[in-house]
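A short write-up of the structure that comes next.
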Amino acid sequence: RYGLVGTPRAGSGSRTGSVQGAISASGRIFATEFDAYSDRRLKHHITPIDTDRALEFIEKVEPVSYEWRSEDAGKRTGYVAQQLLSTGLFPDLCTMHVDKTMKADDDSPEGYSLSLQYAAVVPILHTAIKAQRELLKQQQASIEELYSLLEATSPPKKPKKPKSVL
């Protein structure tokens, strides 16, 4: 057992508790829920995500499918931390960890591996989607204005003969 385990809640059969520091695991971690603190009172220097950087993230960071070398668990989807770092966008999403088993390659030093904060990608994608939605609204308004101008400058159409219902 790892970490501190509290007392079970009445009738739940579950345990609650807390762990200070990092938890590292190899393989899957199963849970029915996962919450991350998000309370404004716990934060400072709150600023919106830069829209241009979020859109650039969409353009430059390539989602991939892959298989882990260490296990036969089938296809996965995600990102490659080295590729994300090479863009210079949101480098704080990646963390370097001491891992003596890792060999050096073209863009990674020996003895270290990289992790990615996948949950932190969601607000970036959210920002990009909002920006694209606003652009679609502007384009739709422009299209409607062009249709109005076209109708106003077109010659009048001849009335269509009503179709007979008999």
Side-chain angles (χ1 to χ4, degrees), residues 1-140:
R1 294 183 181 191
Y2 298 98
L4 302 174
V5 179
T7 57
R9 284 183 269 159
S12 71
S14 66
R15 297 185 177 270
T16 60
S18 65
V19 175
Q20 296 294 322
I23 298 173
S24 179
S26 177
R28 291 183 180 215
I29 297 174
F30 294 92
T32 55
E33 291 185 31
F34 176 80
D35 291 351
Y37 285 109
S38 186
D39 192 305
R40 177 183 38 80
R41 298 168 297 175
L42 300 172
K43 303 173 182 184
H44 62 101
H45 307 300
I46 299 170
T47 57
I49 294 171
D50 181 83
T51 301
D52 291 335
R53 287 180 66 213
L55 290 168
E56 194 173 353
F57 180 92
I58 298 292
E59 291 176 20
K60 290 187 174 179
V61 179
E62 191 66 37
V64 296
S65 65
Y66 60 91
E67 294 180 14
W68 289 114
R69 291 180 185 199
S70 62
E71 58 186 75
D72 185 22
K75 290 255 186 214
R76 299 281 188 256
T77 58
Y79 301 100
V80 175
Q82 288 87 340
Q83 195 266 329
L84 188 146
L85 285 172
S86 73
T87 68
L89 298 166
F90 306 103
D92 52 323
L93 295 179
C94 295
T95 304
M96 187 177 285
H97 306 273
V98 174
D99 185 344
K100 300 295 183 191
T101 65
M102 298 299 289
K103 304 290 183 222
D105 66 9
D106 292 342
D107 52 4
S108 302
E110 183 170 343
Y112 295 92
S113 63
L114 295 168
S115 65
L116 176 64
Q117 298 175 47
Y118 277 90
V121 173
V122 173
I124 296 166
L125 299 177
H126 183 129
T127 300
I129 290 168
K130 281 178 61 176
Q132 290 180 341
R133 181 172 166 83
E134 186 58 36
L135 178 60
L136 286 172
K137 286 179 183 178
Q138 292 170 4
Q139 290 173 338
Q140 185 62 37

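This structure is a prediction, so every number in the text was calculated from the model and none was measured. Numbers here simply count residues along the sequence, with the first being 1.
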Any side-chain heavy-atom pair from Y112 and M102 closer than 4.5 angstrom?
no
Are side-chain heavy atoms of T77 and Y66 found at a separation under 4.5 Å?
no
Between W68 and R76, does the side-chain contact (heavy atoms from CB on, under 4.5 Å) criterion hold? Intermediate values first, please.
CA-CA 8 Å; W68 289 114; R76 299 281 188 256; 4.1 Å; yes
Would you give the length of the straight line joining atom NZ of K100 to atom OG of S113, rounded to the nearest 0.5 angstrom?
11.5 Å
How close do K43 and D39 get, heavy atom to heavy atom, and via which atoms?
CG-O, 3.6 Å
To the nearest 0.5 Å, atom CD of E134 lies from atom CD1 of I129 at 14.5 Å
Please lay out, stage by stage, how V121 and F90 fare under the test side-chain contact (heavy atoms from CB on, under 4.5 Å).
CA-CA 9 Å; V121 173; F90 306 103; over 6 Å; no
Hey, does M96 have a side-chain heavy atom less than 4.5 Å from the side chain of S108?
no
Taking the side chain from T87 and the backbone from L84, do they hold a donor-acceptor pair closer than 3.5 Å?
yes
Do L93 and L85 make a side-chain contact, defined as non-hydrogen atoms from C-beta onward lying under 4.5 Å apart?
no
Would you call Q83 and E62 a side-chain contact if the rule is heavy atoms closer than 4.5 Å?
yes
Checking the side chain of E56 only, and the main-chain atoms of V61 only, is there a donor and an acceptor separated by less than 3.5 Å?
no
Might you confirm whether atom NE2 of H126 has over 12 heavy atoms from other residues, nucleotides or ligands at distances under 6.0 Å?
no
Evaluate whether atom CZ of R133 has more than 12 neighbouring non-hydrogen atoms of other residues, nucleotides or ligands under 6.0 angstrom away.
no
Is the closest side-chain heavy-atom distance between Y79 and V64 below 4.5 Å?
no
Rounded to the nearest 0.5 Å, what separates atom CD in Q132 from atom OG1 in T127?
11.5 Å
Starting at CG of L55, measure out to CG of L135 and round the result to the nearest 0.5 Å.
9.0 Å
Give a yes or no on this: more than 12 heavy atoms of other residues, nucleotides or ligands lie within 6.0 Å of atom OH of Y37.
no
At their closest point, which heavy atom of E110 faces which heavy atom of A104, and how far apart are they?
N-CB, 3.5 Å
Rounded to the nearest 0.5 Å, what separates atom CG in D99 from atom OG in S115?
11.0 Å
L114 side chain near H97 side chain, heavy-atom distance below 4.5 Å
no
Do I29 and F34 come close enough that some side-chain heavy atom pair is under 4.5 Å?
no
